[in-house]
Amino acid sequence: MRQPDEDRPDPNAPMRLKDIIPIAFPYGGISPAGLRREAKRGRLKLMRIAGKDFTTLAAIEEMQRLCVVEPDRSEAPLHPDDEAKASLAAARAIAHELRTGRRGAKLTTG
């Protein structure tokens, strides 16, 4: 857990959403409505006191960890030449299936 310093409030102190945004997101990019959406998605813990929403810097840091998007590593990226070869191979396989009638009903001519 980060230690509070003179410039940053206590990470566990509840703050209004509009007041915490300039601290947690100094370059902007999020609004109170955006934080409420993240709360509805279950990624940000909010406190509602007297009809006002509060959260903590620690909760926002946890939300940021939960929001990290990992790259899809299920398939290695293909080189453009490999993509063309894969497409050609797929087209040839489809043509072969159509010619031989292996998949589905047999084709008839005439």
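- Distance check: Glu62 CD to Thr55 OG1 gives 11.0 Å after rounding to the nearest 0.5 Å.
- Thr56 places no side-chain N or O within donor-acceptor distance of the main-chain N or O of Pro14, the cut-off being under 3.5 Å.
- The side-chain heavy atoms of Leu35 and Met63, taken from C-beta on, include a pair separated by under 4.5 Å.
- The shortest non-hydrogen separation linking Ile21 to Ile30 is CG2-O, 3.8 Å.
- With a 4.5 Å cut-off on side-chain heavy atoms, Met15 and Ile23 count as touching.
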| field | Step-by-step side-chain contact (heavy atoms from CB on, under 4.5 Å) determination, Ile60 to Phe25 | value | CA-CA 10 Å; Ile60 287 181; Phe25 299 93; 3.9 Å; yes
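- Here the closest heavy-atom approach between residue Leu17 and residue Phe54 is recorded as CD2-C, 4.4 Å.
- Residue Cys67 comes nearest to Glu38 through the heavy atom pair SG-OE1, 3.4 Å, listed as atom of the first residue, atom of the second, then distance.
- When side chains are defined from C-beta on, Glu61 does not count as touching Pro11, because their heavy atoms never get closer than 4.5 Å.
- With salt bridges taken as basic N to acidic carboxylate O contacts below 4.0 Å, one links Asp53 and Arg36.
- Taking CZ from Arg99 and CD1 from Ile94, the interatomic distance works out to 12.0 Å, rounded to the nearest 0.5 Å.
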| task | Would you sort out whether Leu88 and Arg92 count as a side-chain contact (heavy atoms from CB on, under 4.5 Å), showing the intermediate values? | result | CA-CA 6 Å; Leu88 181 58; Arg92 285 182 174 157; 3.7 Å; yes
